[in-house]
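Report on one structure; see the data block that follows.
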Amino acid sequence: MGCSVVWFRLDLRTEDNPALTAALARREPVLPLFIWSPEEEAPWEPGGASRWWLHHSLKSLQDQLEKLGSPLVIRRGPSLEVLRALGASHVYWNRRYEPKPMARDTRIKASLEASGIQVESFNSALLFEPWQIENGERKPFQVFTAYWKKCLREGRVEAPLPAPRKILAPRIHPPSEKLEALGLLPAAGWGAGLAASWEPGAPTALRKIRSFLGSAIKGYETERDFPSRAGTSLISPHLHFGEISPRQIWDLVHEEKVRRAHSIFLKELGWREFAHHLLYHYPHTPTEPLREKFRAFPWRKSAKDLRAWQQGQTGYPIVDAGMRQLWQTGMMHNRVRMIAGSFLTKHLRIPWQAGARWFWDTLVDADLASNTLGWQWIAGCGADAAPYFRVFNPVLQGEKFDPGGEYVRRYVPELSKLETKWIHKPWQAPAKARYVEPVVDHATARAEALEAFSSLRPHGVLEKNVSLKRY
DNA sequence: TGAAATGTTGGGGCG
DNA sequence: ACGCCCCAACATTTC
């Protein structure tokens with residue numbers, strides 16, 4: 001009768017879970033619930049890599065909840081119908097910040113409350129709520145450094161909540177869909193590479209972050225830029241699915257001693273916060289540029305070039321290595337994301353949305369807020385993207401961040417025997433490797449990109465400068 | 001969390 | 001001894 005439902009969404013953990021903690025505080029039976037409702041997501045349903053991760057993460061959550069005493073119930077949407085059908089007196093969830101799910105949650109809350117059901121929502125996914133941080137003019141920030149300074153100066157991060165010891169199950173446990181019946185796993189093949197690279201679930205997430213904070217974080221500031229080295233935490237997919245909370249990470253970080261490295265690492269959590277801040281305040285940005293004038297940018301349309309990029313066949317080794325790492329493992333090193341993103345949007349001048357869409361399908365850490373910020377940043381049309389006409393030179397970037405070519409050799413086997421001297425510009429090597437020719441010439445593509453950017457510039461600026469010089 | 005072009009400076013070679 | 005040129009190294013500007 002007095003049963004509480006805890007609706008799990010992107011918070012697939014029992015530790016530091018405010019919704020679960022609040023439900024348990026009622027000292028009534030608790031029904032843990034997951035609803036598969038891809039049609040309630042926008043602008044895209046969860047991608048293939050995300051579904052794979054979700055399947056395994058739910059499996060892990062099932063294990064944890066079963067041990068605690070109240071097994072997970074899995075249902076298919078629509079969410080509102082499912083929640084109504086369970087006949088709970090109280091419903092608890094942790095908030096989401098993407099426009100469509102957020103609007104849905106608001107509707108569901110109003111609807112359930114109108115029927116006398118108590119609903120409470122909590123923050124479990126962020127250090128700071130997106131509406132909590134504002135600039136001097138009481139407006140949202142558009143520059144990261146100013147935003148993060150303000151967070152660190154004025155924001156207060158709450159301590160993580162303890163894990164429950166036991167969850168009292170309802171006397172009659174409602175039936176659940178079989179996890180396998182949701183069809184989250186890819187048909188064949190593709191899942192193998194993901195399985196070889198990842199172990200979803202909260203226990204692994206905690207283990208990984210502890211191990212990272214215990215060792216690799218010392219060299220984080222410099223090592224994180226080299227994709228062939230194990231210099232990053234690889235925690236992003238765990239964070240996206242809420243297998244671990246940023247508060248837990250914040251807490252663990254502050255136990256440690258390596259101050260500078262830690263502030264650099266926390267800054268990356270800051271970017272994640274900033275991404276959610278931007279998505280909340282500018283909900284149109286997953287598909288539209290934040291900077292209005294970019295609507296006029298002369299993008300190219302080339303299915304052939306897009307395909308070459310997706311398949312890691314651009315002829316630029318660092319780009320192709322990244323795209324193939326993505327396909328094989330569901331991950332791309334962040335440095336390489338920037339290079340590959342710059343290549344798609346600047347060299348090929350293909351709309352950043354096409355890149356965002358591909359990443360959405362293939363990344364295990366696909367996250368609407370972070371993906372949107374990342375793509376708008378690299379395309380130059382988003383927040384903090386000055387100078388917006390920056391064009392990464394894939395050869396120089398490769399030589400700088402993969403100087404020994406190990407990363408390229410790992411993912412582009414055609415080049416595994418090539419001398420390091422040529423590894424980032426195989427077209428200049430005396431002995432030809434069996435590898436594609438560059439789809440575009442760097443210098444030409446760069447010049448064309450700059451030409452395209454100049455079309456965005458208001459003409460007045462240039463004329464004013466000229467006249468100032470003359471007099 | 002760039003790259004490339006352009007400008008400046010200072011030391012060394014050399015007439 | 002001096003001016004001139006070259007060029008590397010660094011700084012600034014521009015894209």
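When reading the values below, keep in mind they use all heavy atoms of this one structure, side chains included, and skip hydrogens, waters and symmetry mates. None of the values given here were measured: they were computed from a predicted structure. Throughout, a chain's letter reflects where its sequence line sits, starting with A, and its residues are numbered from 1.
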Residues in ring pair (Phe, Tyr, Trp, His ring centres under 6.0 Å) contact with A:Phe122, at least two apart in sequence or another chain: none

Sorted by number, the residues of residues 388-404 of chain A with heavy-atom contact under 4.0 Å to DNA chain B: A:Arg390, A:Val391, A:Phe392, A:Asn393, A:Leu396, A:Gln397

Side-chain donor-acceptor pairs under 3.5 Å in residues 187-195 of chain A, sequence neighbours left out?
{"unit_1": "A:Trp190", "atom_1": "NE1", "unit_2": "A:Trp327", "atom_2": "O", "d": "3.0"}

Acceptor/donor pairs from residues 143-160 of chain A side chains to any protein atom, 3.5 angstrom cut, sequence neighbours excluded:
{"unit_1": "A:Lys150", "atom_1": "NZ", "unit_2": "A:Glu134", "atom_2": "O", "d": "3.3"}
{"unit_1": "A:Lys150", "atom_1": "NZ", "unit_2": "A:Glu154", "atom_2": "OE1", "d": "3.3"}

Close residues, residues 442-451 of chain A, relative to DNA chain C [heavy-atom separation under 4.0 Å]: A:Arg446, A:Leu450

Contacts of type ring pair (Phe, Tyr, Trp, His ring centres under 6.0 Å), residue A:Phe8, not counting sequence neighbours: none

Partner set under salt bridge (Lys or Arg N to Asp or Glu O under 4.0 Å) for A:Lys139, not counting sequence neighbours: A:Glu137

Chain A footprint on DNA chain B, 5' to 3' - any atom under 4.0 Å from a heavy atom: B:dT1 to B:dA4

Ring centres under 6.0 angstrom apart (A:Trp250, A:His262): no

Pairs touching residues 269-278 of chain A that satisfy side chain to side chain donor-acceptor pair (under 3.5 Å), sequence neighbours left out: none

Pairs touching residues 427-440 of chain A that satisfy side chain to side chain donor-acceptor pair (under 3.5 Å), sequence neighbours left out: A:Asp320-A:Tyr435

Contacts of type ring pair (Phe, Tyr, Trp, His ring centres under 6.0 Å), residue A:His347, not counting sequence neighbours: A:Phe343, A:His442

Determine all donor-acceptor pairs shorter than 3.5 Å in which one atom belongs to a side chain in residues 349-360 of chain A; sequence neighbours excluded.
{"unit_1": "A:Arg349", "atom_1": "NH1", "unit_2": "A:Pro298", "atom_2": "O", "d": "3.1"}
{"unit_1": "A:Gln353", "atom_1": "NE2", "unit_2": "A:Thr287", "atom_2": "O", "d": "2.8"}
{"unit_1": "A:Trp360", "atom_1": "NE1", "unit_2": "A:Glu45", "atom_2": "O", "d": "2.8"}

